[in-house]
Amino acid sequence: MIAMDKWQVARLLEEISRYIELSEPNPFKARAFERAARAVEGLETDLAKLAKSGELTKTSGIGKATGAIIEELLQTGTSKYLEELRAQYPPGIFELLRVPKLGLKKIGILHSELGIGNLDELEAAAREGKLAKLKGFGAKTQEMVLAGIKFARQRESRFLLPTGIEVAESVREQLAGIAGIEDAEIAGSIRRRLEVVQNVNIVIATKSTEKVLAAMQKRGIVEGLESIDERTAKGMTRGDIVVLFHFAAPDDFGTALLRATGSTEFIDAFNTRAAKNGYELREDGLHHNGRHVKTPTEEDAFEKAGLTFVDPERREDGSDLALKKRRKLVELHDLRGTFHVHTTFSDGRNSVLEMLSAARERDFDYVGLSDHSPTASYAGGLSVERLKEQHAEIDSHRETVAPLRVFRGTEADILGDGSIDYDDKTLAKLDFVIASVHSKFNMPKDEMTERILNALDNPYVTFLGHLTGRLLLSREGYTMDYERVFEKAGARGVMIEINGNPNRLDLDWRHVKRALALGVRFSINPDAHSIREYGALLTGTWVARKGGLSPKEIFNTQPVDAIEAYFAARKEAARNADRR
DNA sequence: GCCGTTTTCGGCCCGACTGTTTTCAGTCG
């Protein structure tokens with residue numbers, strides 16, 4: 001029998017909740033299953049043991065019905081109720097959620113009234129004007145749906161960087177056993193660590209392209225693999241991800257990797273500079289005054305052409321080729337601690353102790369907890385009383401997690417007028433304050449700019465959180481005058497967070513250069529809502545590297561004493577600040 | 001469906017926004 005863990009059980013409870021919301025007028029029934037899922041996730045004791053003892057329903061949020069379903073899931077791996085719900089709807093029904101502004105209620109109506117169960121059917125019905133006639137729908141909704149379908153489709157063939165890396169790694173691993181392949185490396189925008197990517201590029205070093213290609217086809221490394229020219233082959237994986245293979249002789253592998261990594265702009269800049277030394281990158285390798293030059297590694301290509309090596313992340317344009325020395329970019333192991341960590345006090349999935357223990361296991365010297373503020377009620381923002389309780393809990397764990405040092409913070413909402421969602425007295429009790437926008441995203445540019453500038457005037461603010469507010473592949477960032485924001489942040493010593501959540505990667509690396517020039521310092525933060533999400537520090541590091549940041553420009557590369565002294569000094573200054 | 005209790009049904013987290021309404025429902029964070 002399949003042993004189900006609490007996370008899998010929670011996923012299935014969520015699925016039930018979604019189905020219920022499609023058909024059930026009472027929204028609280030769906031919410032009850034949602035709550036049960038949260039309750040299961042938050043369990044400190046083993047779910048299977050708890051079920052065995054018959055005390056499941058003693059957990060708040062789990063009642064008679066949900067308890068029985070959980071037991072059934074644990075015993076059989078599925079639930080009759082869930083199977084019945086699944087049978088009532090087409091399998092692709094939830095793909096409709098990818099259309100913005102379409103929620104489960106509207107999807108439920110579309111299915112029951114028009115039998116719509118996927119994007120194609122939705123598009124056909126909207127084009128025929130059938131949507132506008134439904135109750136609760138209208139002409140505008142119909143238009144919005146059509147625009148939304150376009151939006152969803154555009155994003156179909158684009159995917160987030162971590163997905164790209166996972167797919168690319170898995171394809172590369174499959175190449176390992178093929179005779180004749182001497183080396184294989186991931187290239188393209190994935191190697192450049194672009195936040196959203198469109199295809200996978202892999203460079204293969206081999207002396208017998210045809211033989212290798214045949215072996216790859218035979219093994220079914222990807223679907224529909226076929227050569228598109230002498231040196232390139234193309235296939236698909238996971239349904240809709242295009243994989244390009246670039247073949248090169250081992251002696252030309254460096255040049256091939258360089259060219260396949262791009263960007264086009266960088267390669268052009270490379271060639272312009274190399275030409276001055278008589279060198280040229282060609283499809284068939286590096287050439288010096290028309291004669292072939294061996295470049296088994298990428299470093300060889302840079303060196304022979306007389307150019308400074310540029311890390312792949314920095315190859316969006318040619319600017320770093322002008323540097324005399326290779327840029328020293330920050331690396332994950334440079335980080336000594338981090339901030340912006342949530343716990344079960346607000347919307348995190350792990351307790352204070354779990355998050356602290358995980359930070360210690362990662363060998364951090366320090367970590368700063370920051371749950372939401374009261375206005376973020378949907379995320380369980382902390383009242384002043386709850387904040388006090390959290391402080392007491394943190395204090396009770398300090399010895400347990402030593403030598404890890406714990407800082408007490410908040411991720412406080414920047415309210416509509418730019419004020420911070422706690423009073424000064426409360427803020428003064430914290431070691432640090434991350435100020436973030438979580439509401440009223442669609443303000444006009446001027447208003448949003450003033451709002452952020454106002455927040456920067458609060459002397460207790462230490463960091464600006466996920467400044468642009470973008471959600472990759474789903475939401476554009478806020479409009480604001482970034483120049484003015486960076487200027488003021490720099491002048492007031494407020495750091496800007498580089499939020500490493502792969503859905504955000506915010507600050508956008510494109511802003512980093514300008515912010516740095518205006519005196520802004522950065523902190524790489526995970527915005528972790530679970531232990532696993534400390535992993536976002538790696539993705540955050542990529543953003544910093546893409547922005548060209550070195551360890552000294554990153555706050556959390558500093559030792560704990562420096563951090564503590566900085567917070568203390570800043571708080572002291574805030575207390576003394578004139579705040580009329 | 002769950003919870004709590006003012007023991008057997010009423011409330012459940014909420015505010016902004018938008019479109020469809022003519023006072024509200026659905027979506028989003």
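Worth knowing before you read on, the calculation uses all heavy atoms, side chains too, and leaves out hydrogens, waters and symmetry mates. Chain A is the first sequence line, chain B the second, and so forth, proteins listed ahead of strands; every chain is numbered from 1.
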When you compare [N] with [M], how far apart are their [atom1] atoms, in angstrom units rounded to a whole number?
{"N": "B:dC3", "M": "B:dT8", "atom1": "C1'", "value": "12 Å"}
{"N": "B:dT7", "M": "B:dT20", "atom1": "P", "value": "46 Å"}
{"N": "B:dT23", "M": "B:dC28", "atom1": "P", "value": "26 Å"}
{"N": "B:dG11", "M": "B:dT6", "atom1": "C1'", "value": "13 Å"}
{"N": "B:dC2", "M": "B:dC13", "atom1": "P", "value": "15 Å"}
{"N": "B:dG26", "M": "B:dT21", "atom1": "C1'", "value": "13 Å"}
{"N": "B:dG4", "M": "B:dG15", "atom1": "C1'", "value": "27 Å"}

*Can A:Glu123 and A:Arg153 be counted as an ion pair, charged N to O under 4.0 angstrom?*
yes
*For the pair A:Asp46 and A:Lys6, find out whether any cationic side-chain nitrogen is under 4.0 Å from an anionic carboxylate oxygen.*
no
*Please check the phosphate of B:dT20 (OP1 and OP2 only) for any side-chain N or O of A:Thr141 closer than 4.0 Å.*
yes
*asked:* Whether A:Arg475 contacts B:dG29 is assessed here as follows: a side-chain N or O lying under 4.0 Å from the phosphate OP1 or OP2. Is that the case?
replied: yes
_Enclosure of A:Glu83 CD (heavy-atom neighbours >12, cutoff 6.0 Å)_ = yes
Once you apply a heavy-atom cut-off of 4.0 Å, does [X] come out as touching a base, just sugar-phosphate, or nothing?
{"X": "A:Ala132", "result": "nothing"}
{"X": "A:Thr375", "result": "nothing"}
{"X": "A:Ser474", "result": "nothing"}
{"X": "A:Gly61", "result": "sugar-phosphate"}
{"X": "A:Lys135", "result": "nothing"}
{"X": "A:Ser377", "result": "base"}

*Where each residue is assigned the nucleotide of DNA chain B containing its nearest heavy atom, which of A:Pro100 and A:Ile62 is assigned the position nearer the 5′ end?*
A:Ile62
Kindly confirm or rule out a cation-pi arrangement of [X] over [Y], judged by NZ or CZ under 6.0 Å from the six-membered ring centre and within 45° of its axis?
{"X": "A:Lys106", "Y": "A:Phe137", "answer": "yes"}
{"X": "A:Arg86", "Y": "A:Tyr19", "answer": "no"}
{"X": "A:Arg475", "Y": "A:Phe441", "answer": "yes"}

Round to a whole Å and report the spacing from [atom1] of [X] to [atom2] of [N].
{"X": "A:Ile70", "N": "B:dC2", "atom1": "CD1", "atom2": "P", "value": "9 Å"}
{"X": "A:Asp413", "N": "B:dC14", "atom1": "CG", "atom2": "C1'", "value": "12 Å"}
{"X": "A:Asn442", "N": "B:dG19", "atom1": "CG", "atom2": "P", "value": "11 Å"}
{"X": "A:Leu110", "N": "B:dA25", "atom1": "CG", "atom2": "P", "value": "18 Å"}
{"X": "A:Asn501", "N": "B:dG29", "atom1": "CG", "atom2": "C1'", "value": "14 Å"}
{"X": "A:Tyr378", "N": "B:dT27", "atom1": "OH", "atom2": "P", "value": "19 Å"}
{"X": "A:Lys106", "N": "B:dC24", "atom1": "NZ", "atom2": "P", "value": "17 Å"}
{"X": "A:Tyr478", "N": "B:dC17", "atom1": "OH", "atom2": "P", "value": "14 Å"}

*Tell me which residues in residues 10-35 of chain A put a heavy atom below 4.0 Å from DNA chain B, sorted by number, or none.*
A:Asn26, A:Phe28, A:Lys29, A:Arg31, A:Ala32, A:Phe33
*Given B:dG26, B:dC17, B:dC3, which nucleotide is nearest the side-chain atoms of A:Lys440?*
B:dC17
*From B:dG19, B:dG29, B:dC3, pick the nucleotide closest to the side chain of A:Leu471?*
B:dG29
*Report the residue from A:Asn525, A:Ile524, A:Asp527 that forms a side-chain contact (heavy atoms from CB on, under 4.5 Å) with A:Thr338.*
A:Asn525
_Complementary nucleotide of B:dT27, counting Watson-Crick and G-U pairs under 3.5 Å_ = B:dA16
*From CA spacing to verdict: ring pair (Phe, Tyr, Trp, His ring centres under 6.0 Å), A:Phe522, A:Phe555*: CA-CA 6 Å; A:Phe522 304 90; A:Phe555 182 61; over 10 Å; no
*Does B:dT8 sit syn or anti, given that only angles within 90° of 0 count as syn?*
syn
*Please name the residue in the list A:Glu316, A:Glu195, A:Glu313 that meets the salt bridge (Lys or Arg N to Asp or Glu O under 4.0 Å) test with A:Lys546.*
A:Glu316
